[in-house]
Amino acid sequence: MPSSNINPPIKAPKLLWAIGIISLLWNAMSAMDYVMTQTKHEAYMSQFSPEQLAFFYSFPSWAVASWAIAVWGGVLGSILLLFRKRQALWAFLISLVAMVITAFQNYVLSNGLEVIKEPVLLAFTAVIFIIALGLVLYAKAMHRNGLLK
């Protein structure tokens with residue numbers, strides 16, 4: 001019987017599927033928030049104060065572009081993770097960097113801290129960063145373990 005140097009594909013662990021699906025749902029919510037904000041969806045945006053709306057609608061074009069890259073990079077990363085592609089790592093990393101740029105605009109270059117005011121919303125921003133960093137680290141580990149090709 002001839003020997004083969006070809007390694008059989010490694011079966012994806014159930015945790016990869018769970019994280020991939022959960023991250024896709026999480027990032028889809030971010031995408032919905034982005035679309036609703038950019039289209040100024042009346043029912044969705046009615047939850048915000050006039051001051052908050054003015055803040056959201058005053059983002060410079062480069063910040064809106066950075067936000068779009070963060071959001072859609074996360075969606076793409078989740079899809080690539082489910083397809084077990086190594087590019088998931090890069091998509092998540094680019095998304096995280098774009099998120100940092102967007103947050104810098106929102107909280108350092110502008111008055112986002114004054115406008116948002118609510119500690120829960122500020123804490124939620126921290127949770128978003130933690131999850132994004134976690135997805136980068138998870139994709140890196142899966143790539144290192146040979147699960148992303």
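Nothing here was measured: the structure is a model prediction, and the numbers come from that model.
For the pair Leu147 and Pro13, the tightest heavy-atom approach, listed with the atom from each and the gap, is CD1-CD, 3.7 Å. When every heavy atom of Gly77 is checked against every heavy atom of Ala88, the shortest pair comes out as O-CB, 3.6 Å. The two residues Ala139 and Phe92 make their nearest non-hydrogen contact at CB-CD1, 3.9 Å. Nearest heavy-atom pair across Val64 and Gln38 is CG1-OE1, 3.4 Å. Closest non-hydrogen pair, Ala91 versus Leu80, comes out as CB-CD1, 4.2 Å. Residues Ile69 and Ala98 share a closest heavy-atom pair of CG2-CB, 3.7 Å.
Side-chain N or O atoms of Ser78 include one that pairs as donor or acceptor with a backbone N or O of Ser23 at under 3.5 Å. Looking only at distances, a side-chain donor or acceptor of Asn27 sits under 3.5 Å from a matching main-chain atom of Gly74. At least one donor-acceptor pair under 3.5 Å links the side chain of Thr37 to the backbone N or O of Asp33. When atom types are taken as modelled, the side chain of Arg86 and the backbone of His143 share no donor-acceptor pair closer than 3.5 angstrom.
For Phe124, the ring pair (Phe, Tyr, Trp, His ring centres under 6.0 Å) test picks out Trp26, with sequence neighbours left out. Looking at residues two or more places apart in sequence or on another chain, you find a side-chain contact (heavy atoms from CB on, under 4.5 Å) between Leu15 and Ile19, Tyr138.
Taking a 6.0 Å sphere around CD of Gln47, one finds it holds more than 12 heavy atoms contributed by other residues, nucleotides or ligands. Counted within 6.0 Å of CZ on Phe83, heavy atoms from surrounding residues, nucleotides or ligands total 12 or fewer; the atom is thus considered open.
Applying the 4.5 Å side-chain rule to ILVMFWY residues, one finds Trp62, Val97, Ile101, Phe104, Val108 in the same cluster as Leu109.
Between the CD1 atom of Ile21 and the CG atom of Leu24 there is a distance of 8.5 Å, given to the nearest 0.5 Å. In this structure, CG on Leu135 lies 12.0 Å from CG on Leu93, to the nearest 0.5 angstrom. Asn106 CG to Ser66 OG: the interatomic distance, rounded to the nearest 0.5 Å, is 9.0 Å. Rounding to the nearest 0.5 Å gives a distance of 11.5 Å between CD1 of Ile22 and CG of Leu81. Atom CD of Gln87 and atom CD1 of Ile79 lie 13.5 Å apart (nearest 0.5 Å). Atom CE of residue Met36 and atom CZ of residue Phe56 lie 14.5 Å apart, to the nearest 0.5 angstrom.
When hydrophobic clusters are built by joining Ile, Leu, Val, Met, Phe, Trp and Tyr residues whose side-chain heavy atoms come closer than 4.5 Å, directly or via intermediates, Ile131 is grouped together with Ile128. When hydrophobic clusters are built by joining Ile, Leu, Val, Met, Phe, Trp and Tyr residues whose side-chain heavy atoms come closer than 4.5 Å, directly or via intermediates, Phe129 is not grouped with Trp72. Hydrophobic clustering places Tyr107 together with Tyr57 (ILVMFWY residues linked when any side-chain heavy atoms are closer than 4.5 Å, directly or through intermediates). In the hydrophobic clustering of ILVMFWY residues, with side-chain heavy atoms under 4.5 Å counting as a link, Leu76 and Leu96 come out apart. In the hydrophobic cluster analysis, where Ile, Leu, Val, Met, Phe, Trp and Tyr join through side-chain heavy atoms closer than 4.5 angstrom, Val127 is grouped together with Met29.
Leu133 has its side chain within reach of Leu137: a pair of non-hydrogen atoms, C-beta onward, lies under 4.5 Å apart. Inter-residue side-chain proximity for Phe55 and Phe48 is flagged as unmet; no heavy-atom pair is nearer than 4.5 Å.
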* Does the pair Met32 and Tyr44 meet the rule for a side chain to side chain contact (heavy atoms under 4.5 Å, CB included), with working shown? -> CA-CA 10 Å; Met32 183 195 74; Tyr44 184 79; 3.9 Å; yes
